[in-house]
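As the structure lists them, so they are numbered: ligands from 1, and atoms in each ligand from 1. Every heavy atom of this structure was used, including side-chain atoms; hydrogens, water molecules and symmetry mates were not. The first residue in the sequence is number 1, and the count goes up from there.
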Amino acid sequence: MASSISVSSTASSSALHAHRLQQPFAEAAASSSVSFNSQKQGFLTGNRLFLDSVAPKGRNGGEKVFTVRASVETAAPAAAKKQSRKNDEGLVVNTYKPKTPYIGKCLLNSKIVGDDAPGETWHMVFSTEGLVKYREGQSIGVVPPGVDQNGKPHKLRLYSIASSAPGDFGDYKTVSLCVKRLVYLNDKGEEVKGVCSNFLCDLKPGEEVSITGPVGKEMLMPTDPNATIIMLATGTGIAPFRGFLWRMFFEKHEDYKFKGLAWLFLGVPTSSSLLYVDEYERMKKIAPDNFRYDLAISREQANAKGEKMYIQTRMAEYADELWELLKKDNTFVYMCGLKGMEKGIDDIMTGLAARDGYDWAQYKKDLKKNEQWNVEVY
Ligand SMILES: Cc1cc2nc3c(=O)[nH]c(=O)nc-3n(C[C@H](O)[C@H](O)[C@H](O)COP(=O)(O)OP(=O)(O)OC[C@H]3O[C@@H](n4cnc5c(N)ncnc54)[C@H](O)[C@@H]3O)c2cc1C
Ligand SMILES: NC(=O)c1ccc[n+]([C@@H]2O[C@H](COP(=O)([O-])OP(=O)(O)OC[C@H]3O[C@@H](n4cnc5c(N)ncnc54)[C@H](OP(=O)(O)O)[C@@H]3O)[C@@H](O)[C@H]2O)c1
């Protein structure tokens, strides 16, 4: 029997892996039967694999530098084309519209940051009677009561859902939010309070809230239970990830048992503004091999160069590891929170990609196309 070389796709081969492997692979191919179970660089027709090795430009593209044509034994058929999670059956959007909102009741509302934190963040739970069905990663709209300065009803504001689909009580009858109270000084030095965030943070149990949606498909979780999920959050941008993490570690689902790696990076200004850390501690105890979290406390921590500890500064400490993870087909990055964070993260990735000869802008485009790079910042 001919010897067989197996190129494992546990670390599902990316362009770079194939690139590094090309020489031994070519030599082996000349004399052996080769089994290769990644579709990324090769394509299968019948029982033959054609592997095109490419120069590292973008992730899926690039100049062809050399081609290996190897005969393979295909024990299993080529994997079916990945289905977009955005077309998933049962995913609903816009059940409730601003003119016909769902009227929920506030069940509980508590401030979850310390009194000395810069700004107030509240966690709140609303009743839905099971009528506002949503998935982890979606958002709802809230229509604040009253009228704007033109006498028109207030427009809805969007909030990322901070609970998993079963909700905080596990009965599919609630939805939770994590809301920062907006207060700022205008040009005249007067204090201005954001309409909807103040309405929400002031809600008392029993009071009503007009809910629209759910909306959003960008931040839906990957269905692969073996995925690596890297979550990048600033402040209340943690909301969708709390939903993800509950599904992964606090709940039992017949069709989903998370066995991959969830890695959360959370950036907040002070330790008194940390969000849901007790939950992460419990998750770490439940699944120490499947969950990591790293904090960036911007006003209390700095890096070796004395720079403010932003989420991207913390990520830079794990740059090589993160880059290796990003090369896998089943690594998914999610970013949520302040708009400004996106550039900082792009800056690190640009340097890392360049080391391997990739153009980050192109690489990211390919990741986005594969739904592996998901951003919702505001
Ligand atoms: C998809 C999505 C998800 C979101 N999820 C969340 C979430 O989970 N949690 C959360 O807290 N928020 C979230 N937001 C933000 C939220 O929608 C609101 O924008 C926020 O709560 C402020 O609304 P408001 O009604 O309180 O403020 P508004 O009354 O609407 O006032 C906001 C306006 O005030 C002005 N303003 C704000 N800050 C300043 C400043 N420093 N100086 C001068 N002017 C200023 C700006 O003109 C701004 O448009 C999300 C936004 C989006 C798009
Ligand atoms: N789905 C969504 O789109 C979504 C969901 C939830 C929240 N949001 C938005 O996310 C924002 C979160 O604000 P917040 O008030 O909750 O956060 P916050 O408590 O102010 O924390 C934000 C953290 O990010 C740091 N930061 C500031 N600029 C940064 C940059 N360029 N790169 C990386 N980190 C940076 C801040 O540091 P310093 O303050 O010390 O500079 C702070 O540590 C809000 O604008 C909210 O509307 C969006």
Working for side-chain contact (heavy atoms from CB on, under 4.5 Å), residues S139 and E376: CA-CA 11 Å; S139 298; E376 205 166 76; 3.9 Å; yes
Contact check, side chains of E279 and Y293, non-hydrogen atoms, under 4.5 Å: no
Within 6.0 Å of CG in N150, more than 12 heavy atoms from elsewhere: yes
Sub-4.0 Å atoms of ligand 1 with respect to non-hydrogen atoms of C196: 24 (P), 25 (O), 26 (O)
Under 3.5 Å donor-acceptor, T331 side chain and L325 backbone: yes
Ligand-residue contact atoms, ligand 2 with S298, heavy atoms, under 4.0 Å: 36 (C), 37 (O), 38 (P), 40 (O), 42 (C), 43 (O)
Y159, F199, Y184, W122: member with heavy atom nearest to atom 35 (C) of ligand 1: Y184
Atom NZ of K155: over 12 foreign heavy atoms under 6.0 Å: no
Sub-4.0 Å atoms of ligand 2 with respect to non-hydrogen atoms of R299: 38 (P), 39 (O), 40 (O)
Polar side chain donor-acceptor pair, W323 to D356, under 3.5 angstrom: yes
Location of contacts on K308 toward ligand 2, heavy atoms closer than 4.0 Å: side chain
Residue portion contacting ligand 1 (non-hydrogen atoms closer than 4.0 Å) for V195: both
Closest approach of any protein heavy atom to atom 16 (C) of ligand 1, naming residue and atom: L158 O, 3.3 Å
Remaining members of hydrophobic cluster (4.5 Å side-chain criterion), Y184: L182, V192
Nearest-neighbour protein heavy atom for atom 3 (C) of ligand 1, which is reported as residue plus atom name and distance: S160 OG, 3.7 Å
Non-hydrogen protein atom less than 4.0 angstrom from atom 47 (O) of ligand 1: no
Polar contact flag for T234 and ligand 2 (N/O pairs, less than 3.5 Å): no
Which atom of E218 lies closest to which atom of Y334, heavy atoms considered: O-CE2, 4.2 Å
Which segment of P269 sits under 4.0 Å of ligand 2 when only heavy atoms are counted: both
W246 versus D168, side-chain donor and acceptor atoms under 3.5 Å: no
Ligand 2 contacted by C336 (non-hydrogen, < 4.0 Å): yes
Mutual orientation of the aromatic rings belonging to W360 and Y363 [parallel < 30°, tilted 30-60°, perpendicular > 60°]: parallel
Closest candidate by heavy atom, reference atom 16 (O) of ligand 2, pool T313, T236, L338: T236
Ligand 2 versus Q312: contacting region, heavy-atom distance under 4.0 Å: side chain
Sub-4.0 Å protein heavy atom next to atom 51 (C) of ligand 1: yes
Derivation and outcome, side-chain contact (heavy atoms from CB on, under 4.5 Å), residues S210 and Y102: CA-CA 6 Å; S210 299; Y102 174 79; over 6 Å; no
Non-hydrogen atom of A239 closer than 4.0 Å to ligand 2: no
E207: side chain to side chain contact (heavy atoms under 4.5 Å, CB included) partners, not counting sequence neighbours: L203, K204
Under-4.0 Å heavy-atom contact with ligand 2, by part of V268 that carries it: backbone
F249 and F291 aromatic ring geometry - parallel, tilted or perpendicular at 30°/60° bounds: tilted
G267 near ligand 2 by a heavy-atom separation under 4.0 Å: yes
Atoms of ligand 1 close to V179 [distance to a heavy atom under 4.0 angstrom, numbered from 1]: 11 (O)
Which segment of K180 sits under 4.0 Å of ligand 2 when only heavy atoms are counted: side chain
Contact partition for Y378 relative to ligand 2, non-hydrogen atoms under 4.0 Å: both
